[in-house]
Every structure is written in structure tokens, then in C-alpha cells.
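The shown structure was predicted, so the numbers you read here are calculated from the model rather than taken from an experiment.
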Amino acid sequence: MPKYLTEVFLLLPMAYILILGEIDLSVGATVCLSATTACLAGNAGVPFPVVLLIGILTGTACGLFNGIAVTLFTELPSMIVTLATMIIFRGVAEIALGSGGSVSLKNNQGFRAMAGKIGPVPYIFFVVIIAAVIFTFLLSKTTFGRKLYAIGSNRKASYFSGIHVQKIRLLVYSVAGMMAGISAMFLVSVLYGANTTTGSGFELDAIAMAVFGGISTAGGKGKLIGAIISAFIIICLRIGLGQINMNPQVILVILGTLLILAVMIPEIVKNVKRKQL
């Protein structure tokens, strides 16, 4: 379960990005690069708290880079920008890992402590719940959240109404990078290392969780609580199917099919209602 819970850290800011009417395909690669830098720093003898800071700052820097890119080149779709940075971030990680393509922690005591439990419940569960409460509160109860919905509904109108659109976009992408860094640290606490495939597919899982939960890919619609509930449903589904030794590729096919249905069914219902009117 801890491995799957790391993806919820990516879901929370991904929901914000989707509400803005954008997308971030680079979060999985950011996890890879953050995990790589943390492991290399740890093996170099850097103290554990500093290793955590390096990993999280690496993710934040990647998110900041994305934010600067999408705000400077406003005509470029965020999908294209983050697709490019996904390749760049994972490429940098591969260069850092060298010919072996992987790195194992020589001293994993600090990360082993992170993977501890209170009874049967891992520490990461409590951290995820705290993060989920904070992100849900910011989106549903603050002016910042209302601005996100406004930008996602109509970016130009939001700009002319006095909302600092580009600053908010920059902030959200930076937070997405920071959360990817945090996700990477908990992932390392499970894997005790990193390789070129670390975080692969995490971005698609985060998007799927958000869409299942009712977040609109068109922007301006959706509630985070639904996405969080869908995340735990998907995690339980994946664990359950794994327990019966179902092929991982078959699980991906099932999740992909459910994602298509989650997108299609609301549209079909809308079309039926329109015809009835």
C-alpha cells in the first residue's frame, strides 16, 4: 500500500492543474529525478535531513521550471511543454545514474524509519490524509480556490478581472513539483533506491484518479474530495487484483477502460438530456 499511496501526493496538485484547464505529464519523471538525487546524496554521506531537503528541492525546482515555461510561452499547450520536460527530467536522471541505470542506498536507516507504522497503519497514510485536508480546504474554502476555478472557466476574463493568472499558474506548477519530491522520498523509503523507471506511469495514474473523481479535463469543474475518494478506490482495486495474482498489464487495461468510461458516460448523459429538451 505505501507505494500506491505515494501517487496520492501527485493527485492533489494534479487536480489543481486540471481545474486550471491544463495538464502536467512530467510529475513521474520529477519523482525519478528527485529520488535519484536523494539516493546519490545519501550515498555521498550527506545527513538524512539534508537528503530529504535535496530531494524535495529537486522536485520543487522541476515544478518551478515547468511553471516558468508555461507562463513564458503562453501559446504552447501545457501538454507539449510538460511532455518535453518529462523527457528532459528523466534524461537527466539517466545521466546521473550512469551505465548501471540504478542506485541503491548504502545507508537506509533514515528512510527505513519513514516506512514505519503505527500499529498496522503506515506513517505515509497519515501524511497523505493531512495533505489531502490542506489541499481540499484551500480549494473549497479560500479565495485561492475560487481563483483556480475562475481561471479554468475563462482565463482571459479572469485576467481582466484582476486575478494574477500567471502567478497562480507558476505557483501551482511549483507546488506540483514539491509534492512530486515528497512522493519520491516516501517511494525511496519503500524501494531503498532508484532507477530509470522509478515513477514511470505515475502521471497517468494521478490523472486517472482525478478524472474518476469528477475533475474535468476541460477546466473549471470538479471537487477534490471526489478525486481523493476515487484514489483510494483505485488503490484498493489494484491491491485486490494483485492479491489474486492478476497480470499487471491486465490491471492497466481494466483501469484504462474504466477511465474511458468515466469520461464518456457524463458526455452521453448530457447528450441524452439535450435531446430530451
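- Judged by distance alone, the side chains of Gln166 and Arg169 do bring a donor and an acceptor atom under 3.5 Å apart.
- Linking Ile, Leu, Val, Met, Phe, Trp and Tyr residues whenever their side-chain heavy atoms come within less than 4.5 Å leaves Phe48 and Leu40 in two separate clusters.
- The shortest distance between side-chain heavy atoms of Lys117 and Phe125 does not fall below 4.5 Å.
- For the atom pair CG of Leu20 and CG of Leu148, the computed distance is 5.0 Å after rounding to the nearest 0.5 Å.
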* To do: Please assess Phe202 against Thr6 for the test side chain to side chain contact (heavy atoms under 4.5 Å, CB included), listing each intermediate value before the final yes or no.
  => CA-CA 9 Å; Phe202 277 23; Thr6 60; 3.8 Å; yes

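- The side-chain heavy atoms of Glu22 and Pro77, taken from C-beta on, include no pair separated by under 4.5 Å.
- Defined by atom type and a distance below 3.5 Å, a donor-acceptor pair is missing between the side-chain atoms of Ser158 and Arg155.
- In this structure, the side chains of Ile151 and Ile163 come closer than 4.5 Å at one or more pairs of heavy atoms.
- If you take CD1 on Ile80 and CZ on Phe73, they are separated by 14.0 Å, rounding to the nearest 0.5 Å.
- In this structure, Met14 and Ile207 have side chains that are in contact, with non-hydrogen atoms separated by less than 4.5 Å.
- By the 4.5 Å heavy-atom criterion applied to side chains, Asp205 and Tyr4 are not counted as neighbours.
- Contact between Ser34 and Met185 at its shortest, heavy atoms only, is O-CE, 3.6 Å.
- Separation of atoms CD1 (Ile225) and CZ (Phe135) is listed at 14.0 Å; rounding is to 0.5 Å.
- Between atom SG of residue Cys39 and atom CD1 of residue Ile54 there is a gap of 11.5 Å, rounded to the nearest 0.5 Å.
- Pairing each heavy atom of Ala41 with each of Val51, the nearest pair is C-CG2, 4.1 Å.
- Residue Leu25 forms a side chain to side chain contact (heavy atoms under 4.5 Å, CB included) with just one option from Thr82, Thr85, Val81, Ile87, and that option is Thr82.
- Formation of a donor-acceptor pair under 3.5 Å by the Asn43 side chain with backbone atoms of Lys106 is found in this model.
- The side chain to side chain contact (heavy atoms under 4.5 Å, CB included) test with Asn66 is passed by exactly one of Ile17, Leu170, Asp24: Asp24.
- Using a distance-only test at 3.5 Å, with no hydrogens or angles considered, no donor-acceptor pair links the side chain of Thr198 to the main chain of Ala194.
- Taking the six-membered ring where the residue is Trp, the centroids of Phe65 and Tyr173 are separated by 6.0 Å or more.
- The aromatic rings of Phe9 and Phe186 sit parallel to each other, their planes meeting at less than 30°, with 60° as the upper class boundary.
- The side-chain heavy atoms of Phe111 and Leu191, taken from C-beta on, include no pair separated by under 4.5 Å.
- Proximity of a side-chain donor or acceptor of Thr71 to a complementary backbone N or O of Ile68 within less than 3.5 Å is detected.
- Taking both residues in full, the closest heavy atoms of Leu11 and Ala227 are given as CD2-O, 3.5 Å, listed atom of the first, atom of the second, then distance.
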Would Ile228 and Thr136 count as a side chain to side chain contact (heavy atoms under 4.5 Å, CB included) here? Give the steps. CA-CA 9 Å; Ile228 294 168; Thr136 302; 3.5 Å; yes

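- Note: the hydrophobic cluster containing Val27 also contains Met209 (ILVMFWY, side chain heavy atoms under 4.5 Å, direct or indirect links).
- Here the straight-line distance linking atom CE of Met114 with atom CD1 of Ile124 works out to 7.5 Å at 0.5 Å rounding.
- Between the side chain of Tyr149 and the backbone N or O of Gly222 there is at least one donor-acceptor pair closer than 3.5 Å.
- The distance from atom CG of Leu97 to atom OG1 of Thr196, rounded to the nearest 0.5 Å, is 7.0 Å.
- In this structure, Ile118 and Tyr123 have side chains that are in contact, with non-hydrogen atoms separated by less than 4.5 Å.
- The nearest pair of heavy atoms linking Gly213 to Ser230 is N-OG, 3.5 Å.
- The minimum heavy-atom distance between Ala180 and Val31, with the atom names listed, is O-CG2, 3.6 Å.
- Heavy atoms of other residues, nucleotides or ligands lying less than 6.0 angstrom from CZ of Phe144 number more than 12.
- Nearest heavy atom pair, residue Leu12 against residue Met179, reads CD1-CE, 4.3 Å.
- Listed for the Asn107 side chain is no donor-acceptor partner under 3.5 Å among the backbone atoms of Gly45.
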(request) Kindly determine whether Arg90 and Ser200 satisfy side chain to side chain contact (heavy atoms under 4.5 Å, CB included), including the steps that lead there. (result) CA-CA 9 Å; Arg90 197 169 289 278; Ser200 180; 4.2 Å; yes

